[in-house]
Student: 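Before we start, here is the structure in question, set down as structure tokens.
The first residue of the sequence shown is numbered 1, and numbering continues consecutively from there.
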Amino acid sequence: MKLLHTSDLHLGRQFNGISLEEDHAAVLEQIVEAVKAHSVDALIIAGDVFDRASPPQSAVRQFKGFLQRIKTETDAAVAMIAGNHDSGDRIDLSAIAADRSRWLIRGAISAEEAPLLYTDQHGSVAISALPFAYEYAARECFESETIDTPEDVLVAQVAAARAHIPEGARWIIVAHAFVTGGSVSESERSLTRVGGIETVGASAFDGAHYVALGHLHRPQSVGREHIRYSGSPLAFGFDEANSEKSMSLVEIDAGGQVSVEILPFEPIRRARVLRGKHAELLLSDPSSDFIKAELTDDAPVIDGMKRLRGVFPNACELVYVRNDRPLETKFVNGTALIAAEPADTVRNFLGEVGLEDITDAEQKVVAASLTRLRQGEDAE
């Protein structure tokens, strides 16, 4: 059996205020083509379909059109769940027009976790789609006050799903969670409401032959090779600059052994970090990529961002490397002197030239002057 594992589409999201609608259209097209080209038996979308519970109507229409193409242009089954960014009710609405015999779309948590059953030449495959839910919803669903953490929620869901798995069936779990040991990105939202431990141990999935995860945006296996994140199709922050985004094409043999082939996405715009002098960056080839410029210039550049956008219209950030340098340590008579705060430097200077300690009122004047200087430098 062949699965195409995807997740974390985040439809409706922006990159530093720039619409990603065209970028999403490109990756959705690539998913459809991958399903057709590889004769995929089941498409998995492991949560965070939308970027927020009330997505823009353009994102809803975009996803509706995508599902319609999967339904009419392919024979693939679909297993899809809500993630922590989604509204469970909205995801459940997507199931209204679905073919219940080959689609399993789960938005709200349920104590009855019936799987999608599929039969290939080797026997039965059961897919359990476990939507993300917070602890308070799980306590109500399972009528248990002992559910206090995301791991408790998932353990209860997996137990409910296990009760419906036919004897001898190969078992696939779809979930949205932070498994212990996973590599994170800056764009992921915490899975806990107020603090707490959000990670889940790999042992929560014992018995499954493949675990298709969503939530973490970097493609990776965690804990065990068959417990895997497909990652997001697009980079949503500069901490993922130059990273390879991909889908996971998963094949499960007769014995439940899994092999994974990475299918790279080809985004129409990438997130890139460029470093160098401003004048050098202006000589680069023009690009519509999302750009963070790290300037090595010693002095601020006038109209730096405006001029940079003449070459990179989607330049989003401009920082100076000099601002990230550690404070310089100098030595006088063999004694290390750590660079002080500017206000302390003024106070020390006045003491060195023999003036009395400055008053509180004078300290406020110094602080105000330094603040104006910083604001003037930032404005440049």
Student: Please tell me if the side chains of Val158 and Ile173 come closer than 4.5 Å, counting only heavy atoms from C-beta onward.
Tutor: yes
Student: Would the distance check show the side chain of Tyr229 and the main-chain N or O of Val179 forming a donor-acceptor pair, the cut-off being under 3.5 Å?
Tutor: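 Judged by distance alone, yes, a pair lies under 3.5 Å.
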Student: Would Arg218 and Glu240 pass as an ion pair if we require N to O under 4.0 Å?
Tutor: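 Salt bridge absent between Arg218 and Glu240.
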Student: Identify whether Leu213 and Ile127 are in the same connected component of the hydrophobic contact network (ILVMFWY, side-chain heavy atoms under 4.5 Å).
Tutor: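 No, Leu213 and Ile127 fall in different hydrophobic clusters.
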Student: Return the minimal non-hydrogen interatomic distance between Thr180 and Val222, and the atom names on each side.
Tutor: O-CG1, 3.1 Å
Student: May I ask you to check whether over 12 heavy atoms, not counting those of Asp253, lie within 6.0 Å of atom CG?
Tutor: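 Buried by this count: over 12 neighbours within 6.0 Å.
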Student: Using distance alone, with no hydrogens and no angle criterion, decide if Lys245 and Ser232 have a side-chain donor and acceptor under 3.5 Å apart.
Tutor: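 The answer is yes; a qualifying pair exists.
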Student: Answer with yes or no whether the hydrophobic clustering places Leu43 together with Leu9; edges join I, L, V, M, F, W, Y residues whose side-chain heavy atoms lie under 4.5 Å apart.
Tutor: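 Result: yes, single cluster for both.
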Student: Does Asp120 use its side chain to pair, donor to acceptor, with the backbone of Gly123 at less than 3.5 Å?
Tutor: yes
Student: State, to 0.1 Å, how close Arg228 and Tyr210 come at their nearest heavy-atom pair, and which atoms those are.
Tutor: CB-OH, 3.5 Å
Student: Out of curiosity, does Leu263 fall in the hydrophobic cluster containing Val35 (side-chain heavy atoms, cut-off under 4.5 Å, transitive links)?
Tutor: yes
Student: Please check this pair: side chain of His176 against backbone of Gly83, looking for a donor-acceptor N/O pair closer than 3.5 Å.
Tutor: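 Flag not set: sc His176 to bb Gly83 has no pair under 3.5 Å.
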Student: Look at Arg13 together with Asp8 and state whether they make a salt bridge at an N to O cut-off of under 4.0 Å.
Tutor: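 A salt bridge is absent here (no side-chain N lies under 4.0 Å from a carboxylate O).
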Student: Minimum heavy-atom separation for Ser183 to Gln220, with atom names?
Tutor: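 The pair with the smallest heavy-atom distance is N-OE1, 2.7 Å.
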Student: Which value, rounded to the nearest 0.5 Å, describes the distance between Ile45 atom CD1 and His5 atom NE2?
Tutor: 10.5 Å
Student: Do the side chains of Arg272 and Leu274 get nearer than 4.5 Å, heavy atoms only?
Tutor: yes
Student: Angle between ring planes, Tyr134 versus Tyr136, binned at 30° and 60°: parallel, tilted or perpendicular?
Tutor: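 Ring orientation of Tyr134 relative to Tyr136: parallel.
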Student: For residues His215 and Phe178, report the shortest heavy-atom separation together with the two atoms involved.
Tutor: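 Taking His215 first and Phe178 second, the nearest heavy atoms are CD2-CB, 3.9 Å.
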Student: As an exercise, state the distance from CZ of Phe132 to CG of Asp86, rounded to the nearest 0.5 Å.
Tutor: 10.5 Å
Student: Does any non-hydrogen side-chain atom of Asp297 lie less than 4.5 Å from one of Val321?
Tutor: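 Val321 does not reach Asp297 side chain to side chain.
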Student: Side-chain heavy atoms under 4.5 angstrom apart, residues restricted to Ile, Leu, Val, Met, Phe, Trp, Tyr: same cluster for Val200 and Val184?
Tutor: yes
Student: Does some side-chain heavy atom of Val40 sit less than 4.5 Å from a side-chain heavy atom of Thr74?
Tutor: no
Student: Less than 3.5 Å apart, any donor N or O on the side chain of Arg139 or Thr146 sitting next to an acceptor on the other?
Tutor: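 Short answer, no.
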Student: Does the side chain of Val125 reach to within under 4.5 Å of the side chain of Ile172, using non-hydrogen atoms?
Tutor: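 Sidechains of Ile172 and Val125: in contact.
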Student: Taking all non-hydrogen atoms of both residues, which atom of Asp289 and which atom of Asn314 are closest, and how far apart?
Tutor: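 Closest approach of Asp289 to Asn314, heavy atoms only: O-CB, 3.5 Å.
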Student: Mind checking the CD-OG spacing from Glu225 to Ser259? Nearest 0.5 Å is all I need.
Tutor: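 Glu225 CD to Ser259 OG: 12.0 Å, rounded to 0.5 Å.
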Student: Partners of Pro55 by side chain to side chain contact (heavy atoms under 4.5 Å, CB included), sequence neighbours excluded?
Tutor: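 Once residues adjacent in sequence are excluded, the partners of Pro55 under the side chain to side chain contact (heavy atoms under 4.5 Å, CB included) criterion are Phe50, Ala59, Val60, Arg90.
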Student: Taking atom types as modelled, find out whether Arg170 and Ser124 have a side-chain donor-acceptor pair closer than 3.5 angstrom.
Tutor: no
Student: Salt bridge check, Glu280 against Lys277: does any charged N sit closer than 4.0 Å to a carboxylate O?
Tutor: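 Salt bridge between Lys277 and Glu280, a charged N being under 4.0 Å from a carboxylate O: no.
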Student: Of Val174, Val260, Val250, Leu249, which meets side-chain contact (heavy atoms from CB on, under 4.5 Å) against Leu3?
Tutor: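 For Leu3, the side-chain contact (heavy atoms from CB on, under 4.5 Å) check succeeds only for Val250.
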Student: Indicate yes or no: at least one non-hydrogen side-chain atom of Trp171 is less than 4.5 angstrom from one of Pro115.
Tutor: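 Side-chain contact under 4.5 Å: no.
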Student: Can you name the closest pair of heavy atoms from Ile262 and Ser248 and give their distance?
Tutor: CD1-OG, 4.3 Å
Student: Is a side-chain N or O of Gln30 found less than 3.5 angstrom from the main chain of Glu266, in a donor-acceptor match?
Tutor: yes
Student: Go through the steps for His10 and Phe236 under the test ring pair (Phe, Tyr, Trp, His ring centres under 6.0 Å), then give the verdict.
Tutor: CA-CA 9 Å; His10 288 277; Phe236 299 122; 5.3 Å; yes
Student: Please determine, by modelled atom types, if Glu261 and His38 share a side-chain donor-acceptor pair under 3.5 angstrom.
Tutor: no
Student: Tell me, yes or no, whether the heavy-atom count around Glu140 atom CD, taken from other residues, nucleotides or ligands under 6.0 Å, exceeds 12.
Tutor: no
Student: Got a salt bridge between Arg106 and Glu113, using NZ or NE/NH1/NH2 to carboxylate O under 4.0 Å?
Tutor: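 So Arg106 pairs with Glu113 through a salt bridge.
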Student: Between Phe290 and Phe15, how do the two ring planes meet: parallel, tilted or perpendicular, split at 30° and 60°?
Tutor: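 Aromatic pair Phe290/Phe15 classed parallel.
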Student: Does Arg69 make a cation-pi contact with Phe66, if we ask for NZ or CZ under 6.0 Å from the ring centre and within 45° of the axis?
Tutor: no
Student: Just wondering, do Arg307 and His278 contact through their side chains at under 4.5 Å, heavy atoms?
Tutor: yes
Student: Is there side-chain contact between Leu67 and Trp103, with at least one heavy-atom pair below 4.5 Å?
Tutor: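 Yes, side chains in contact.
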Student: Pairing donors with acceptors under 3.5 angstrom, does anything connect the side chains of Ser203 and Asp206?
Tutor: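 Side chains of Ser203 and Asp206: no pair found under 3.5 Å.
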Student: Indicate whether the side chain of Ser230 and that of Ser7 have a donor and an acceptor atom separated by less than 3.5 Å.
Tutor: yes
Student: Have Tyr118 and Asp41 got a donor and an acceptor in their side chains that come within less than 3.5 Å?
Tutor: yes
